[in-house]
Structure formats: C-alpha cells, structure tokens
Q: 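The structure under discussion is supplied below as structure tokens; questions concerning it will follow.
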Protein chains: 2
Amino acid sequence: MKRKTIKDIAKESGFSLSTVSLVLNNHPRISQATRDRVMAVVKKYNFCPNSAARGLASKSSKTLSVVVPNLTRVFSDIYLGEIISGIYERATSQGYKILLDIATSQFIKSQEYLKLLASRRADGMLFIASDIHADYLSVFEDSPYKFLLVNHVFPGKKLNYVSVDYTASARTAAEHLLGLGHRKIGLIAGTNTFTGLQFRDEFIRVCKSWPAGSAQVTWVDGGEEWSQRGGYAAAAKLMAQTPGLTAVMAANDRMALGAMRWLADNRREVPEAVSVMGVDDIQIAAYVNPGLSTIRHDLYQVGIESCNRILQLIKGEITECSDLLPTSLVVRGSTGRVQAS
Amino acid sequence: MKRKTIKDIAKESGFSLSTVSLVLNNHPRISQATRDRVMAVVKKYNFCPNSAARGLASKSSKTLSVVVPNLTRVFSDIYLGEIISGIYERATSQGYKILLDIATSQFIKSQEYLKLLASRRADGMLFIASDIHADYLSVFEDSPYKFLLVNHVFPGKKLNYVSVDYTASARTAAEHLLGLGHRKIGLIAGTNTFTGLQFRDEFIRVCKSWPAGSAQVTWVDGGEEWSQRGGYAAAAKLMAQTPGLTAVMAANDRMALGAMRWLADNRREVPEAVSVMGVDDIQIAAYVNPGLSTIRHDLYQVGIESCNRILQLIKGEITECSDLLPTSLVVRGSTGRVQAS
DNA sequence: ACCATCCGGTAAATCGCTCGACAATGCAAG
DNA sequence: CTTGCATTGTCGAGCGATTTACCGGATGGT
C-alpha cells in the first residue's frame with residue numbers, strides 16, 4: 001500500500017488539494033464544516049504530511065540545531081542537561097524539533113555548523129559549545145543565518161547571545177565574601193571561556209577595590225572541564241602556594257565541591273577554617289554537608305530564553321540579541337564570617 | 001543576494017543540472033575532469049544543496065530519531081550519555097543526523113513517535129526510553145517503519161532490539177557471589193523495565209538452583225530512576241527486613257553506590273561484613289573505595305551497534321534484529337569471600 | 001435593481017533536487 | 001565502413017507539499 005499524500009486526501013474528501021493544505025495548516029480561510037470533513041479523512045488514514053515537501057515549499061524546516069561541547073562526558077553534565085531541557089520544552093511547544101550535534105573537531109573542520117544552516121536542515125542554531133578558540137564562528141557575524149550563543153559571549157564579535165550575567169555573579173560573590181571579612185581569597189577559575197574570564201576579572205577587580213579594605217586574590221586554573229577533579233587539584237595547589245587563605249571561590253559548583261572534598265580530606269573545617277563558594281547552584285549543592293553557598297544560575301531558564309530568542313530571530317521579530325539573565329546569591333553553610341586569629 | 005541553487009551551479013559550470021547533482025552525490029558516472037570543474041564552482045559559492053529538496057526527491061531524510069526517557073535529570077545520566085555518544089559517532093560517520101526527542105507524556109499522547117516516521121522527518125527511530133508500560137509501541141510490530149529498541153527488550157512484542165544480555169549478566173553476577181560462599185543475598189532490583197525483570201528473575205533462579213547449596217534471595221525495588229538515592233533507601237530497607245545478609249546485589253552501579261553509602265553511614269564494612277555488587281561498570285565504580293565489583297556493560301558499544309542495525313534496517317539489508325551483547329565480570333574490592341561467623 | 005464587499009474555495013505556479021531513460025561520442029571488432 | 005558496446009553526460013518527469021491570485025455566489029446598502 002502506497003503512502004498517502006495530500007492528493008489522496010483531497011480526492012477522497014472531494015475538496016481541492018489547496019483546501020486540504022489550508023486545513024492542515026489551520027488557515028482561517030476554511031469553514032468549520034469543510035475542515036471537519038477533511039479532517040475525518042485525514043484521521044481515517046492517519047495521514048501525516050511529508051515534511052520534506054513541506055520544508056521545500058515553505059522554506060522552513062521547523063528544526064533547530066543545538067550544538068553541545070565535545071566533553072568526554074557531555075551528557076553526564078547536569079549543566080548542559082538543564083539548558084537542553086529548557087530548549088527542548090520551548091522548541092517542542094512551538095512545533096520545532098531539535099537536531100543534536102557535538103562540536104567535535106570533525107564537526108568544526110568540515111564546517112558542519114555552516115552547512116547545517118546553508119542546507120536549511122535547520123532554521124537556526126543554538127551554540128552551547130563555544131570557547132575562546134571558536135574563532136570560526138566569525139562566519140556568523142552579519143550573516144543571514146540565525147545563530148545564537150547560549151550561556152557564552154564573544155567579546156569583539158558581533159554574535160547574538162543569551163547568557164547568565166557572569167560579571168554580576170562575580171560581583172555578588174565577591175561582595176558576599178568580602179562582607180564576611182575575607183581578605184585573602186583563593187579563586188579557582190575557568191579560563192577557557194570568555195564568561196569564565198569575565199568572572200575572574202570582575203571578581204578580582206571588586207576584591208582589589210573594596211572600600212572597606214582591598215583583598216588579596218590568588219587564582220589558579222581549574223581545568224578545561226570545570227570538573228570536581230579539577231577543583232580538587234586546584235584547591236590543593238591554592239592551599240600550598242598561598243598560606244593563610246580564608247576563602248576559596250570556585251567558578252562553578254563542581255569545582256567548589258572538589259575543593260570542599262580536598263579540604264575535608266586534609267582536615268580543614270568548612271567554613272570555620274576556610275569558606276567555600278561556588279557558582280550555578282546545581283542540585284547537589286544543597287545536599288552536601290555543609291550546604292554549598294553559591295550564585296544561582298537558572299540554566300533551565302537560559303534554555304527557555306535562548307529558544308525564545310532564536311525563534312524571534314527566525315521570525316524576524318528581532319534582528320539581534322544580547323541578553324544577560326540575572327543571578328542571585330544563595331547562602332548556605334559553606335561560607336562564614338572570617339575567624340579572628 | 002539570493003541563495004544559490006544547483007541550477008546556478010549548472011549554468012556557471014556549463015554543465016547540466018543532472019550532472020551537477022551526480023557530482024554532488026559522488027556518482028561514478030561522472031569523469032574526474034567534469035567533477036573537478038563542477039566542484040570548483042561549488043567551492044567558489046560555498047554551495048550547499050537544499051536538504052528538503054534532496055529529501056523530497058530521494059525519499060530519505062538522512063536523519064535518525066533518538067528518543068530518550070523522561071527522567072528528571074535525563075542528561076545527567078552517564079548511562080544515556082554513553083549510548084548517545086555511540087549513536088552519534090556512528091550516525092555522523094554515515095552522514096546521518098540525529099533528531100532528539102524526550103519521551104514526555106505529551107510526546108506519547110500526541111503520537112509523535114509515529115508522526116516522526118510517518119512524515120519522513122526521520123528514516124528510523126532508536127528508542128532508548130521504553131519501560132514495561134510502553135504498550136503503544138505495538139504500532140511498530142509488522143509496520144513498514146524502521147524502529148529499534150535500544151538496551152531494552154519487549155517480550156511478547158515483535159520489536160527489533162539491540163541490548164546487553166541482562167540474563168547473562170544476572171547469571172555471571174550470581175555465580176560470582178555464590179562462588180564466594182554467599183547464601184543470604186539482598187537484591188536491589190529495577191522493575192520498571194523488562195530487562196530489569198529478566199535480571200531479577202534470572203538472578204533468583206540461579207541462586208535457588210545453585211548446585212553447591214541454594215541461596216536465599218530477598219529483593220526490593222530500587223525505584224523508578226535506578227538512582228543512588230533509590231539504592232540508599234533500598235539498602236536500608238533490605239538490611240532492616242532481612243538480618244544476616246552477607247551480600248547486596250544492585251541492578252545497576254548507581255544503586256550499588258547508594259547501597260555502599262548506606263553501609264558506610266551505618267558502619268558495616270564492605271566487603272568484610274557485606275559484599276556489594278553492581279551492574280554497568282560506570283566510570284566512578286573504579287574510583288570509590290573499595291572499588292565496586294560489577295558486570296561490565298559497554299553502553300558506548302550498544303550505541304554503535306544500535307546505530308549500525310537501524311542503518312541496516314533502513315537500507316533493507318536486514319529485516320529484523322534481536323542482538324544481545326556480551327557482558328563481563330569485573331571484580332574489585334567490594335565483593336569478598338563470606339566470613340566464617 | 002445595481003454594484004461593491006465578503007466569504008469560502010480552487011487552479012496552478014513554484015520550491016530545489018534525484019534518477020531512470022536516452023543521446024552522443026569514441027573506439028575496437030567484424 | 002558499419003556495427004556494437006562502453007563511457008559520459010543530458011532530459012525531463014516527478015517528489016508532495018505551500019501559497020498567491022483569482023473566481024463565483026451570497027450579502028447588503030441605497
């Protein structure tokens with residue numbers, strides 16, 4: 001039995017091809033009576049319009065490309081999970097599907113990111129994978145392609161983005177620690193993204209220029225993957241090279257958790273001896289002991305908002321986008337007032 | 001500037017439309033000289049054929065649908081991560097793209113799983129999300145649609161699958177524990193999938209019929225999400241209701257880790273007082289202390305193999321598929337010979 | 001009774017590419 | 001000098017929808 005086409009539906013329902021098409025697209029032009037009679041036939045055969053034909057005629061694939069970083073354990077990353085969930089939920093509700101890609105070297109080298117849009121396989125691209133080396137993204141400056149960086153920015157390039165405000169986060173975090181009296185602070189930074197660099201620089205700036213007395217900040221790199229293991233190693237390094245630290249600030253919760261682990265393994269009480277603070281507010285942050293003070297980043301919301309924006313770009317409702325989403329301070333047990341020594 | 005089409009390339013290169021098409025598809029019909037001249041023009045304009053048109057004419061979308069379960073933290077699941085990575089790697093190397101979907105109730109209710117294939121948006125579907133309630137999958141029995149269960153089976157339904165051999169795993173695990181002398185074993189089972197049920201039943205069967213003396217098995221459900229938390233609670237329940245257990249077998253590593261955590265929190269030495277064993281061999285299993293004995297499931301390989309199979313189904317090289325992949329025993333520190341008491 | 005408006009539906013021109021059937025060309029064999 | 005057969009390239013008929021311009025008839029104001 002051959003697959004039914006819109007033509008078969010037209011014939012059987014006694015209406016024209018165009019009428020069926022209009023019904024299928026909920027065009028107001030068609031009366032309810034006609035609509036019902038057509039839909040009856042559609043139901044009867046469980047007809048489903050061919051998406052390639054649709055895409056060809058309408059010049060839109062109703063598909064969004066989502067590109068995630070090529071981390072060894074990408075999908076085990078709750079950070080990405082939240083964003084993708086947000087994107088998925090929004091995209092689906094608007095009738096869009098998601099084409100998944102991983103930014104492997106092959107993906108970059110073969111310019112898949114471009115071909116995906118050039119071939120119209122996707123109407124727009126949500127890029128979660130950028131780092132400071134993603135220079136090839138320049139092709140999207142002033143291009144007709146709909147492109148959006150998700151939770152990243154690219155200073156110096158004219159690229160659309162939706163991101164959490166890392167600069168504001170840094171400020172909030174610094175102010176929290178400074179307010180507790182800390183003046184010797186270790187920073188575990190992420191340096192392979194621009195947002196990570198912004199965070200580091202702003203954190204240091206605020207510490208240096210604190211009215212009640214500037215603080216000394218020593219920073220180390222927490223590693224490419226911003227992982228717990230990286231945080232553990234970074235904490236070790238930090239404590240060794242800078243005696244007298246009273247607080248450790250990590251650029252994300254996973255590294256902060258790693259740092260806390262090191263402190264526990266080496267018998268430094270948190271927060272009595274050392275305060276620890278993270279960024280993101282991942283679920284587990286509330287469950288460790290003591291609870292991890294952190295800056296809440298609503299990544300699900302970043303996903304939602306990113307999707308909203310790319311959809312607006314596609315529809316032409318906006319032509320550019322540079323959103324910074326707010327963050328908030330979450331105080332738990334891991335940070336405390338500096339002890340008089 | 002209008003987007004270039006194959007026609008423009010034909011005009012500029014001086015060849016016919018069909019020739020360009022054949023070149024683009026690497027058809028042997030075309031000589032190298034012609035090929036080169038056409039490709040020069042293609043390169044010049046960075047031309048990329050419209051995929052909708054291509055799909056319409058060729059009746060193939062070169063796209064695979066991957067459906068993942070609707071867990072609260074789907075993407076934080078390393079289990080899925082491995083499988084998806086395997087699928088992605090294979091699919092990409094064969095020129096296929098991946099369309100991601102989550103098996104939400106909305107997805108099920110609206111029959112998206114069917115529409116995806118009926119509309120030819122995807123050439124085939126890899127379903128990682130099935131549980132014992134996925135009765136709606138019956139539509140794929142004897143249907144023309146290319147459908148494959150990934151790491152699941154559906155006894156009683158004629159559905160293609162590629163899965164690890166859970167029955168063999170259960171046997172191997174049981175034999176390991178029985179061989180160490182355990183005769184009172186607690187089992188933390190997963191009961192919302194058929195593979196989970198198979199594992200439980202085979203494990204119990206082997207224990208009961210062990211030649212050297214049958215063992216007593218008490219089992220509890222580890223919860224819908226097979227999580228660490230579920231394992232923790234299950235261990236508590238198990239130890240409370242069955243005194244004298246010398247071993248705890250969990251249907252996956254995450255639950256085993258949860259059980260180990262409970263045992264540590266309650267001062268039972270592993271493996272001296274209680275042996276613990278898991279299934280999967282997730283990365284962290286090697287890093288906990290003591291290392292977790294487990295049955296190795298190569299999920300990345302499951303992804304690779306699943307993708308190979310669905311591609312063969314699509315090409316018509318095979319018409320059905322029921323692969324069971326081998327597993328292997330990994331002995332670490334968490335299991336030991338039962339102590340004389 | 002007349003013309004302007006609406007309303008609901010239709011005809012037909014695309015959309016950009018694939019692929020099977022056919023044509024042209026060259027060359028060895030009869 | 002035909003004929004036969006590769007070898008290469010071209011024609012053109014779809015593929016299955018969308019969408020714009022058009023059309024016939026009912027409505028309604030004067």
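Quick note on labels: first sequence line is chain A, next is B, and so on, each numbered from 1.
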Q: Just checking Thr5(A): base, sugar-phosphate only, or nothing, at a heavy-atom cut-off of under 4.0 Å?
A: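 It contacts sugar-phosphate atoms only.
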Q: Consider only side-chain N and O atoms of Ser61(A) and Asp123(A), and report whether a donor and an acceptor are under 3.5 Å apart.
A: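 Their side chains do contain a donor-acceptor pair, which is all the 3.5 Å distance test asks for.
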Q: Please step through salt bridge (Lys or Arg N to Asp or Glu O under 4.0 Å) for the pair Lys97(A) and Glu112(B), ending with a clear verdict.
A: CA-CA 11 Å; Lys97(A) 308 253 46 159; Glu112(B) 262 301 297; 2.9 Å; yes
Q: For Arg29(A) and for Thr19(A), find the nucleotide of DNA chain D with the closest heavy atom, then tell me which residue's nucleotide is more 5'.
A: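 This one resolves to Thr19(A).
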Q: Is there a donor N/O on one and an acceptor N/O on the other, under 3.5 Å, for the side chain of Ser21(A) and the base of dA17(D)?
A: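 Checked by distance alone, the answer is no.
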Q: Between the base of dC11(D) and the side chain of Ser16(B), is there any donor-acceptor pair under 3.5 Å?
A: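 Absent.
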Q: Within residues 47-61 of chain A, find the residues that approach DNA chain C with a heavy atom at under 4.0 Å, and present them sorted by residue number.
A: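 Close to the strand are Leu56(A), Ala57(A), Lys59(A).
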Q: Of the listed nucleotides (dC17(C), dT18(D), dT8(D)), which one gets closest to any side-chain atom of Asn25(A)?
A: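 Nearest to the side-chain atoms of Asn25(A), counting from C-beta on, is dT18(D).
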Q: Identify the residue among Leu117(A), Asn160(A), Ile314(A) that makes a side-chain contact (heavy atoms from CB on, under 4.5 Å) with Lys146(A).
A: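 Only one option passes, and that is Ile314(A).
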Q: Just by distance, no angles: are the side chains of Thr193(A) and Asp131(A) close enough, under 3.5 Å, to form a donor-acceptor pair?
A: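 No.
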Q: Does the side chain of Asp101(B) come under 3.5 Å of the side chain of Tyr113(B) through a donor N or O and an acceptor N or O?
A: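 No pair is found: no donor N or O on one side chain lies under 3.5 Å from an acceptor on the other.
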Q: Base, sugar-phosphate, or nothing for Leu24(B), non-hydrogen atoms under 4.0 angstrom?
A: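 Nothing, no nucleic acid heavy atom in range.
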Q: Taking atom types as modelled and ignoring hydrogens, do the side chains of Gln32(B) and Asp36(B) form a donor-acceptor contact shorter than 3.5 angstrom?
A: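 The answer is yes; a qualifying pair exists.
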Q: In Å, rounded to the nearest 0.5 Å, how long is the span from OG1 of Thr63(B) to CG of Leu99(A)?
A: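 CG of Leu99(A) is found 6.0 Å from OG1 of Thr63(B).
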Q: Heavy atoms under 4.0 Å, any strand shown: does Ser31(B) hit a base, just sugar-phosphate, or nothing?
A: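 Ser31(B): backbone/sugar contact only, no base atoms under 4.0 Å.
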Q: Here's one to test your reading of the geometry: is the NZ or CZ of Lys4(B) within 45 degrees of the ring axis of Tyr45(B) and under 6.0 Å from its centre?
A: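 Judged by the rule (NZ or CZ under 6.0 Å from the ring centre, within 45° of its axis), Lys4(B) counts as positioned above Tyr45(B).
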Q: Between Arg90(A) and Glu305(A), is there a side-chain N and carboxylate O pair less than 4.0 Å apart?
A: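 No salt bridge links Arg90(A) with Glu305(A).
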Q: Let me know the distance between CG of Leu22(A) and P of dA21(D), rounded to the nearest Å.
A: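 These atoms are roughly 14 Å apart.
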Q: Can you sort out which residues in residues 114-122 of chain A have a heavy atom within less than 4.0 Å of DNA chain C? Ascending by number, please.
A: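 Nucleic-acid contacts, sorted: none.
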